[in-house]
Amino acid sequence: MNQRNLDGNSIIIRLEMTTKDIKFGEVASAISEAGGDIIAIDVISTNQDVSVRDLTVAVTDAQDNSKIVEAVRQLRGVSIVNVSDRTFLLHLGGKIEVTPKTPIHNREDLSRVYTPDVARVCSAIADEPGKAFSLTIKRNTVAVVSDGSAVLGLGNIGPRAAMPVMEGKAMLFKQFAGVDAFPICLDTQDTEEIIRTVKAISPAFGGINLEDISSPRCFEIERRLNEELDIPVFHDDQHGTAVVLYAGLINALKLVGKSITDVKIVVCGIGAAGVACSNILLSAGASRLIGVDREGALVRTQTYENEVWSDYAARTNPELESGSLRDVIRGADVFIGLSRGNLLTREDVQSMAADPIVFAMANPVPEIMPAVVEDIVAVMATGRSDYPNQINNVLCFPGIFRAVLDCRATEINEEMKLAAAKAIASAVSDEERTRYYIIPSVFNDKVVKSIRKRVVEAAVRTGVARRVPREQARESGEV
């Protein structure tokens with residue numbers, strides 16, 4: 001498959017061709033030579049003299065757009081009518097909207113949804129606040145909250161620039177799990193102000209999804225909000241990554257016949273995602289886990305200014321291995337990368353134990369490209385969509401929030417995260433599982449259903465569910 005198509009960046013060029021002066025093949029050749037790939041042609045109008053066509057052209061990146069347009073403009077007999085970017089067109093006016101569940105056709109409808117009849121509903125909630133879950137959108141609504149400080153690989157681009165990402169997240173919530181999510185981009189990066197603001201808006205929501213907030217502030221924000229709110233707060237950059245990672249590792253370890261309790265795991269990059277990934281692996285039984293960051297392996301005998309690192313070191317690296325990544329990766333069964341591109345070498349992987357498992361999840365460039373170690377790894381995963389085994393948070397958060405909304409959970413605890421990971425892993429059957437298929441597709445409709453069931457069960461088991469959905473109650477004999 002053409003890499004440009006996978007990257008999904010394309011433009012639409014509407015051009016008018018004078019047929020006596022130029023052949024379409026000349027246009028196609030000029031676009032190809034400029035770095036474009038025509039993936040669709042629509043004839044708008046044509047006669048014996050002039051043809052108007054829309055050409056959809058895939059490009060490697062946005063910088064190629066101007067080269068392609070200029071190459072077409074230089075052709076004799078061609079006039080460019082318009083150029084549009086398909087991605088920008090999709091974002092015009094935003095990607096989501098609010099629509100009523102019940103139409104208002106007459107005065108009676110109006111009186112029921114608004115004044116005067118709505119006052120009776122308000123009074124019922126005032127008398128019994130818990131009724132907000134059944135009588136308002138709270139029962140199915142999640143706030144997607146960001147301060148724009150760590151957006152994708154773009155860094156600190158601010159709340160306005162973060163909005164397209166948060167809108168996209170809201171779309172995924174709705175499409176995959178039927179959850180109504182709303183983007184809340186805050187014009188502050190002050191920890192206390194973020195906490196106060198989220199607490200102030202929380203009555204309208206059944207859950208809070210923190211997104212693209214930089215480390216280490218994200219740890220404090222999530223911890224405090226979980227302590228001070230009675231609805232679940234979930235930092236997806238941390239825990240969504242961790243859940244999907246563990247799901248993939250469950251299946252990878254099955255392929256090589258190893259146990260998580262025995263393998264040596266090296267985690268490179270001890271930021272928000274690295275800590276969360278390590279935490280879920282420790283909860284799952286990992287006992288030989290070593291974290292590596294810019295100062296080398298974290299060891300409990302060292303003193304760190306970063307309190308998160310000090311806590312991490314106290315719980316990991318039992319054999320007190322020290323040194324660089326190259327030093328501690330020797331003999332490792334699993335490498336988990338959450339750092340930066342091209343950090344790992346083929347020689348590093350060759351020094352690992354037999355049947356090495358490599359999860360190189362730096363984006364867009366992984367710690368090592370799959371082609372470099374294809375012949376020496378047992379299983380390879382990345383964060384990219386153009387390679388097998390993508391570690392994608394989309395597999396996790398829709399199902400988890402569907403579950404916690406349905407059982408009105410007060411939090412998302414570690415047992416619920418483990419349950420979600422096992423649900424994702426189970427979507428790949430023993431017959432389907434191969435080195436190239438350890439993670440199900442995000443479009444696998446079994447995933448959300450399985451996560452919902454298992455997470456609700458874990459919430460009930462651990463005492464954080466305020467209600468048991470009817471189907472679970474029926475299965476347990478409570479109904």
Side-chain angles (χ1 to χ4, degrees), residues 96 98 101 118 121-150 159 162-163 165-167 169-174 177-214 217-240 272 276 396-413 416-417 455-456 459 462-467 469:
I96 59 175
V98 177
K101 294 168 69 174
V118 74
V121 181
C122 295
S123 296
I125 296 171
D127 292 339
E128 192 176 335
K131 287 188 175 179
F133 279 104
S134 58
L135 296 175
T136 75
I137 62 172
K138 184 180 182 74
R139 70 183 298 173
N140 195 52
T141 306
V142 169
V144 182
V145 179
S146 179
D147 64 356
S149 60
M163 273 293 289
V165 177
M166 305 312 135
E167 287 184 19
K169 190 95 175 200
M171 294 175 72
L172 299 174
F173 266 113
K174 188 65 174 180
V179 173
D180 295 315
F182 198 83
I184 308 290
C185 291
L186 303 178
D187 195 10
T188 178
Q189 294 183 2
D190 178 83
T191 296
E192 292 299 326
E193 191 170 2
I194 291 172
I195 292 169
R196 284 195 303 272
T197 303
V198 174
K199 286 174 62 179
I201 66 172
S202 65
F205 299 97
I208 305 294
N209 184 105
L210 300 177
E211 189 79 15
D212 292 347
I213 299 175
S214 63
R217 294 178 308 117
C218 60
F219 297 112
E220 174 70 4
I221 291 169
E222 184 187 40
R223 183 188 66 80
R224 289 270 305 282
L225 287 173
N226 267 315
E227 289 176 355
E228 299 174 28
L229 291 177
D230 65 348
I231 57 175
V233 180
F234 187 80
H235 185 205
D236 188 49
D237 299 325
Q238 294 182 61
H239 309 299
C396 170
F397 65 80
I400 282 187
F401 273 98
R402 179 70 279 151
V404 299
L405 290 169
D406 288 349
C407 72
R408 298 181 190 170
T410 56
E411 64 178 54
I412 299 171
N413 57 38
M416 294 159 73
K417 297 170 197 170
V455 171
V456 167
T462 55
V464 300
R466 283 177 282 204
R467 70 182 290 268

Gap between atom CG of L210 and atom OG of S146 - 0.5 Å precision: 9.0 Å

Exercise: identify the closest heavy-atom pair between N226 and P232: OD1-C, 4.4 Å

Heavy-atom side-chain contact between L225 and I195 under 4.5 Å: yes

Sub-4.5 Å side-chain heavy-atom contact between E211 and D237: yes

Donor-acceptor pairs under 3.5 angstrom involving side-chain atoms of residues 177-185: please list them, not counting sequence neighbours.
| from | atom 1 | to | atom 2 | distance (Å) |
| --- | --- | --- | --- | --- |
| D180 | OD1 | K174 | NZ | 2.7 |
| D180 | OD2 | N140 | ND2 | 3.1 |

Nearest heavy atoms of F234 and C396, plus distance in Å: CZ-SG, 4.2 Å

Minimum-distance pair of heavy atoms, taken over all atoms of I231 and G206: CB-O, 3.6 Å

Close side-chain approach of R217 and S149, heavy atoms under 4.5 Å: yes

Pair F397-V142, side chain to side chain contact (heavy atoms under 4.5 Å, CB included): steps then yes or no: CA-CA 11 Å; F397 65 80; V142 169; over 6 Å; no

Distance, nearest 0.5 Å, that separates CD of Q189 from CD1 of I213: 9.5 Å

Residue pair S134 / R408, side-chain heavy-atom distance below 4.5 Å: yes

I221 and H235, any side-chain heavy atoms less than 4.5 Å apart: no

Minimum heavy-atom distance V233-E222, with the two atoms named: O-OE2, 3.7 Å

Side chain proximity check, K169 to D236, heavy atoms < 4.5 angstrom: yes

Worked check of salt bridge (charged side-chain N to carboxylate O under 4.0 Å, His left out) between E220 and R223: CA-CA 5 Å; E220 174 70 4; R223 183 188 66 80; 3.0 Å; yes

Heavy-atom pair of closest approach, residues D406 and R402: OD1-NH2, 2.9 Å

Spacing of CD belonging to E227 relative to CD belonging to E411, to within rounding of 0.5 Å: 10.5 Å

Residue pair P469 / V456, side-chain heavy-atom distance below 4.5 Å: yes

Where F205 and I201 come nearest, the two heavy atoms and their spacing: CD1-O, 3.3 Å

Flag side-chain contact, heavy atom, 4.5 Å: R466 against F133: yes

Audit row: M416, V404, side chain to side chain contact (heavy atoms under 4.5 Å, CB included) steps and yes/no: CA-CA 10 Å; M416 294 159 73; V404 299; 3.6 Å; yes

Value rounded to 0.5 Å, distance of CD in E192 from CZ in R224: 4.0 Å

CD1-CG distance between I208 and L229, expressed to the nearest 0.5 angstrom: 6.5 Å

